[in-house]
Amino acid sequence: MSAPFEERSGVVPCGTPWGQWYQTLEEVFIEVQVPPGTRAQDIQCGLQSRHVALAVGGREILKGKLFDSTIADEGTWTLEDRKMVRIVLTKTKRDAANCWTSLLESEYAADPWVQDQMQRKLTLERFQKENPGFDFSGAEISGNYTKGMCRLATTKPLPEFES
């Protein structure tokens, strides 16, 4: 029996001037590096369904319209070790076909290679959720990832076909 899919397993980050962002089937994570010693009261963070805004010490770090919609009242932010702000947004559409190609509509796009790796990761995560007893550690994903479609190749038999 394989272990459940972990959100950080196979993370494909997209670097930005302020940190990075990455995604799972269900969530988008934004990690913003802030000056060491930053206090929570120095942070102003606004999370809405289609907008995000982050300022630290009155200086705007991130602001704009998100690539796709999120569930506003499930968004959270935390200050970690007084040097990084982590924002977690819950996607409205939670499937492999909803791979964000950028964080904001007009900024922080992943380059084509990173986009491909993100889509592979989301597709593998989808397969893991749909087949919880199957070990995908040796799986190779190939094909067109548009809308979450692809071909999965593995040398391990499916659990129901094992003898």
Inter-residue atom distance Glu74.CD - Thr76.OG1, 0.5 Å rounding: 9.5 Å

Minimum-distance pair of heavy atoms, taken over all atoms of Ala110 and Gln115: O-NE2, 2.7 Å

ring-ring contact (aromatic ring centres under 6.0 Å, His included) between Tyr108 and Trp18, intermediate numbers included: CA-CA 10 Å; Tyr108 313 119; Trp18 39 258; 5.1 Å; yes

Residue from Val11, Ile87, Thr24 passing side-chain contact (heavy atoms from CB on, under 4.5 Å) with Phe29: Thr24

Distance in Å, Glu31 CD paired with Gln20 CD, rounded so as to fall on 0.5 Å steps: 4.5 Å

Gap separating the SG atom of Cys14 from the CD1 atom of Ile30, nearest 0.5 angstrom: 11.5 Å

For the student: nearest non-hydrogen atoms of Pro13 and Val114, plus distance: O-CG1, 3.9 Å

Any donor-acceptor pair under 3.5 Å from Asp81 side chain to Lys83 backbone: no

Main-chain N/O of Ser69 paired with Thr92 side-chain donor or acceptor, under 3.5 Å: yes

Val52-Val28 co-clustered via ILVMFWY side chain contacts under 4.5 Å: yes

Carboxylate-amine/guanidinium contact Lys91 Glu26, below 4.0 Å: no

Where Ala109 and Ser102 come nearest, the two heavy atoms and their spacing: CA-CB, 3.3 Å

Thr38 side chain to Val34 backbone, donor-acceptor under 3.5 Å: no

Close side-chain approach of Lys63 and His51, heavy atoms under 4.5 Å: no

Same cluster (ILVMFWY, side-chain, under 4.5 Å), Leu54 and Met84: no

Salt bridge Glu125-Arg94, side-chain N to carboxylate O under 4.0 Å: no

Least distance between heavy atoms, Cys99 atom then Met118 atom: SG-CB, 3.8 Å

Atom pair CD/CD1 of Glu27 and Ile71 - distance to nearest 0.5 Å: 9.5 Å

Polar side-chain atom of Asn131 near backbone of Phe127 as donor-acceptor pair, under 3.5 Å: yes

hydrophobic_cluster_shared for Tyr22 and Leu62, side chain cutoff 4.5 Å: no

Non-hydrogen atoms of Thr101 and Phe67 that approach each other most closely: OG1-CE1, 3.2 Å

Separation between NZ of Lys93 and CG of Asn98, rounded to the nearest 0.5 Å: 6.0 Å

Ser49 to Leu66 - nearest heavy-atom pair and separation: O-CD1, 3.8 Å

Co-membership, hydrophobic cluster, residues Leu122 and Trp21, 4.5 Å side-chain: no

Common cluster, Leu103/Trp77, ILVMFWY with side-chain heavy-atom separation under 4.5 Å: yes

Asp42 side chain to Val56 backbone, donor-acceptor under 3.5 Å: no

Straight-line distance of Thr70 OG1 to Leu47 CG, nearest 0.5 Å: 7.5 Å

